[in-house]
Amino acid sequence: VAEHFLMKEAKKRGFEKDPEVAGVLESARRKILIARLVEKEVDDKILIGPEEANQYYQARREEFMTALTLRASHILVKTEEEAVLVQEALDQGADFEEIARKSSLDATAIRGGDLGFFQRGRFVPEFEDAVFQMKKGERRGPVKSQFGYHVIKLTDRMEPALRDFESVKTFVEQRLASEKRSRAFKALVEKLKGNAKVEIDEKKLEALDLKP
């Protein structure tokens, strides 16, 4: 109802004849017509066969591998000497989480030093260079970084694995449809262009105020 009366008033004031409004309407008209053409000639013709998505998945299995994921805990101290003392205490049977709660300078101390699960790129290079070489259950240190000295314990290691097809089926279908759409759109444009020659008016282009 509001739209009805607002439109009536806009026409009454002659806004339809405003050059700026007319330009916007023409631009919208062009976009709507083009969108309908693309819908009919491209989107409506994209079909994915029953086995096509699975074949796409099988041909690109390496793209659907999970990343190496680790879980570790650490104890962060200021000096190398402190880190050596921590290692010695752990070698003698001290509890890692207890020492982390009492001695670690990191915010993870409240969790016994637990860093949770992570992949490459989350921590500083010195820390990752050490932890990604460790085996599950292994302890290593002192490892120096910009924050101090770490004593690290690797609590879990999940090796890369192939995601099963059903878990990525929707994603595969969407990617396949997107690739088909892109090819079909380019083919449509090339077909419509035919042998037409497109030239750029460099003088008019330079005259435009094109801001970055």
Side-chain angles (χ1 to χ4, degrees), residues 46 48-183 185-186 212:
I46 293 176
I48 298 177
E51 288 299 318
E52 199 171 354
N54 190 32
Q55 291 170 359
Y56 184 95
Y57 164 81
Q58 294 296 340
R60 299 165 176 79
R61 291 165 66 92
E62 69 282 355
E63 296 180 25
F64 301 102
M65 297 289 291
T66 60
L68 173 61
T69 303
L70 307 182
R71 184 173 188 176
S73 295
H74 78 143
I75 298 168
L76 177 66
V77 292
K78 285 185 178 180
T79 66
E80 186 175 4
E81 291 74 17
E82 289 177 281
V84 171
L85 290 175
V86 168
Q87 281 282 54
E88 291 176 352
L90 292 170
D91 289 339
Q92 294 172 11
D95 184 73
F96 191 100
E97 292 184 8
E98 189 64 27
I99 293 181
R101 291 190 182 96
K102 290 181 179 179
S103 306
S104 184
L105 302 175
D106 191 63
T108 59
I110 194 172
R111 301 194 301 273
D114 182 29
L115 295 163
F117 287 98
F118 57 91
Q119 297 170 359
R120 277 196 179 275
R122 179 173 167 186
F123 299 115
V124 291
E126 299 90 345
F127 184 91
E128 290 193 349
D129 288 345
V131 74
F132 275 90
Q133 296 178 21
M134 295 170 64
K135 297 178 180 179
K136 184 178 178 180
E138 183 181 348
R139 177 163 40 85
R140 185 176 296 191
V143 175
K144 184 181 179 182
S145 78
Q146 65 194 69
F147 302 106
Y149 291 83
H150 307 260
V151 175
I152 309 167
K153 179 181 178 182
L154 189 65
T155 55
D156 203 355
R157 184 182 179 98
M158 299 169 63
E159 299 296 335
L162 179 67
R163 294 185 178 94
D164 66 276
F165 174 66
E166 289 302 321
S167 68
V168 296
K169 182 179 179 181
T170 300
F171 172 78
V172 172
E173 290 175 341
Q174 290 173 346
R175 183 196 280 186
L176 184 55
S178 177
E179 290 182 5
K180 283 190 170 189
R181 187 185 191 280
S182 179
R183 290 195 296 269
F185 179 81
K186 289 179 182 178

Strictly distance-based, threshold 3.5 Å: is any side-chain N or O of E128 a donor or acceptor partner for the main-chain N or O of R122? yes
Worked check of side chain to side chain contact (heavy atoms under 4.5 Å, CB included) between L76 and F127: CA-CA 11 Å; L76 177 66; F127 184 91; over 6 Å; no
Surrounding CD1 of I110 (heavy atoms of other residues, nucleotides or ligands, distance under 6.0 Å), is the total greater than 12? no
Looking at CZ of F147 and NZ of K78, how far apart are the two atoms once the value is rounded to the nearest 0.5 Å? 15.0 Å
Determine whether more than 12 heavy atoms belonging to other residues, nucleotides or ligands lie under 6.0 Å from atom CE of M65. yes
Spacing of Q87 atom CD and I75 atom CD1 [to the nearest 0.5 Å]: 8.0 Å
Could you tell me how the ring of H74 sits relative to the ring of H150: parallel (under 30°), tilted (30 to 60°) or perpendicular (over 60°)? parallel
Yes or no on side chain to side chain contact (heavy atoms under 4.5 Å, CB included) for R163 and T66, after CA distance, side-chain angles and deciding distance? CA-CA 7 Å; R163 294 185 178 94; T66 60; 3.8 Å; yes
For F96 versus V151, what's the shortest heavy-atom pair and its separation? CZ-O, 3.6 Å
So is R120 actually on top of F132's ring, under 6.0 Å and inside 45° of the axis? yes
Where K180 and I48 come nearest, the two heavy atoms and their spacing: NZ-CA, 4.3 Å
Donor-acceptor side-chain pairing of T108 and D106 below 3.5 angstrom: yes
Check M134 against R157 and note the closest heavy-atom contact, atom names and distance. O-NH1, 2.9 Å
To the nearest 0.5 Å, how far apart are CG in N54 and CZ in F165? 4.5 Å
All heavy atoms of A100 vs all of G113, minimum pair found to be CB-N, 3.7 Å
Taking side chain as C-beta onward, heavy atoms only, is L85 less than 4.5 Å from E88? yes
Quick one: pull up NZ in K153 and CD in E97 and give me the separation to the nearest 0.5 Å. 7.0 Å
Does the side chain of V172 come within less than 4.5 Å of R60's, by heavy atoms? no
Nearest heavy-atom approach of D114 to S73 is CA-OG, 3.4 Å
Quick one: OH on Y149 to OG1 on T79, what's the gap to the nearest 0.5 Å? 7.5 Å
Interatomic spacing from CD in E173 to CG in L176 - rounded to 0.5 Å: 8.0 Å
For P160 and L68, work out which heavy atoms get closest and say how close. CG-N, 3.9 Å
Begin with the C-alpha distance, continue with both residues' side-chain angles, and end with the deciding distance and a verdict on side chain to side chain contact (heavy atoms under 4.5 Å, CB included) for V131 and F123. CA-CA 10 Å; V131 74; F123 299 115; 6.0 Å; no
Evaluate the side chain to side chain contact (heavy atoms under 4.5 Å, CB included) criterion for residues T170 and Q174: first the C-alpha distance (whole Å), next the side-chain angles of each, then the deciding distance (0.1 Å), finally the verdict. CA-CA 6 Å; T170 300; Q174 290 173 346; 3.7 Å; yes
Which residues satisfy the side chain to side chain donor-acceptor pair (under 3.5 Å) test with E179, sequence neighbours excluded? Y56
Should we count CZ of F185 as having more than 12 external heavy atoms under 6.0 Å? no
